[in-house]
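For reference, the structure is listed below as structure tokens.
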Amino acid sequence: MKTIAFLRLIIAAAFLAAFGSFAQPVSSNVPSAAEVLPVSSPYGEATVIRNIPYIAHPTPRQNFDLYLPRDKGGRPFPLVVWIHGGAWMMGIKEWDNVKYLVRHGYAIASIDYRFSTEVSFPAQIQDCNAALNFILSQAIRCGRRFRRRTLGAAFGLGTP
């Protein structure tokens, strides 16, 4: 039994060393200006606004990126709220595996949240709820209408 535990530790250390370059960059608290993405981007022709804070005094991770498809006729489009995976301990909002949806007329709000290594659970759920409340309230305030809202996540469940 000790041998198996030791082997798991060695494998975990190897993975951490190999994937250490994927550590999350710390985002700015200031939203960027709207950036128009070219047709050749993974999102297709779209507008992105990065690092939008969803609370009054955010930490570097309490923000989201909003990807809007090219507006064709002013009709409302569906909104996908994306919560990246990482067991609440790691990950980045840029890990949105649904980039292709923007090409097909969906908006994506990709949320970032504080990790469980920074604050204890359920702060991560509270961050996601705050982001969702902010997104929906700002959409109403700005006159942006979304036809439907969908919550997507990249959570993985493993066994110890």
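- Among residues at least two apart or in separate chains, salt bridge (Lys or Arg N to Asp or Glu O under 4.0 Å) pairs with a member in residues 117-139 are R61-E118, R114-D127.
- Taking the six-membered ring for Trp and thresholds of 30 and 60 degrees, F121 and W88 have ring planes inclined between 30 and 60 degrees apart.
- Looking at I111 and K93, their side chains never come closer than 4.5 Å, going by heavy atoms from C-beta outward.
- Side-chain contact between Q138 and I52 is absent, with no heavy-atom pair separated by less than 4.5 Å.
- Partners of Q126 by side-chain hydrogen bond (donor to acceptor under 3.5 Å, both in side chains), not counting sequence neighbours: none found.
- In this structure, the separation between CZ on R103 and OG on S41 is 6.0 Å, given to the nearest 0.5 Å.
- Although no hydrogens or angles enter the test, the distance criterion places no donor-acceptor pair under 3.5 Å between the side chain of Q62 and the main chain of A130.
- Of all heavy-atom pairs spanning G85 and Y113, the tightest one is O-OH, 3.9 Å.
- Residues Y100 and P42 form no side-chain contact, since every pair of their non-hydrogen atoms from C-beta on lies 4.5 Å or further apart.
- Rounded to the nearest 0.5 angstrom, I49 CD1 and D65 CG are separated by 10.0 Å.
- Proximity of T47 to R70: side-chain heavy atoms (C-beta onward) are nowhere separated by under 4.5 Å.
- S116 has its side chain within reach of Q124: a pair of non-hydrogen atoms, C-beta onward, lies under 4.5 Å apart.
- With sequence neighbours excluded, the residues that form a ring-ring contact (aromatic ring centres under 6.0 Å, His included) with Y67 are Y43.
- In this view, A109 and F64, L66, L79, I135 satisfy the side-chain contact (heavy atoms from CB on, under 4.5 Å) rule, not counting sequence neighbours.
- Hydrophobic cluster membership differs between I92 and V119, with clusters built from Ile, Leu, Val, Met, Phe, Trp and Tyr side chains linked at under 4.5 angstrom.
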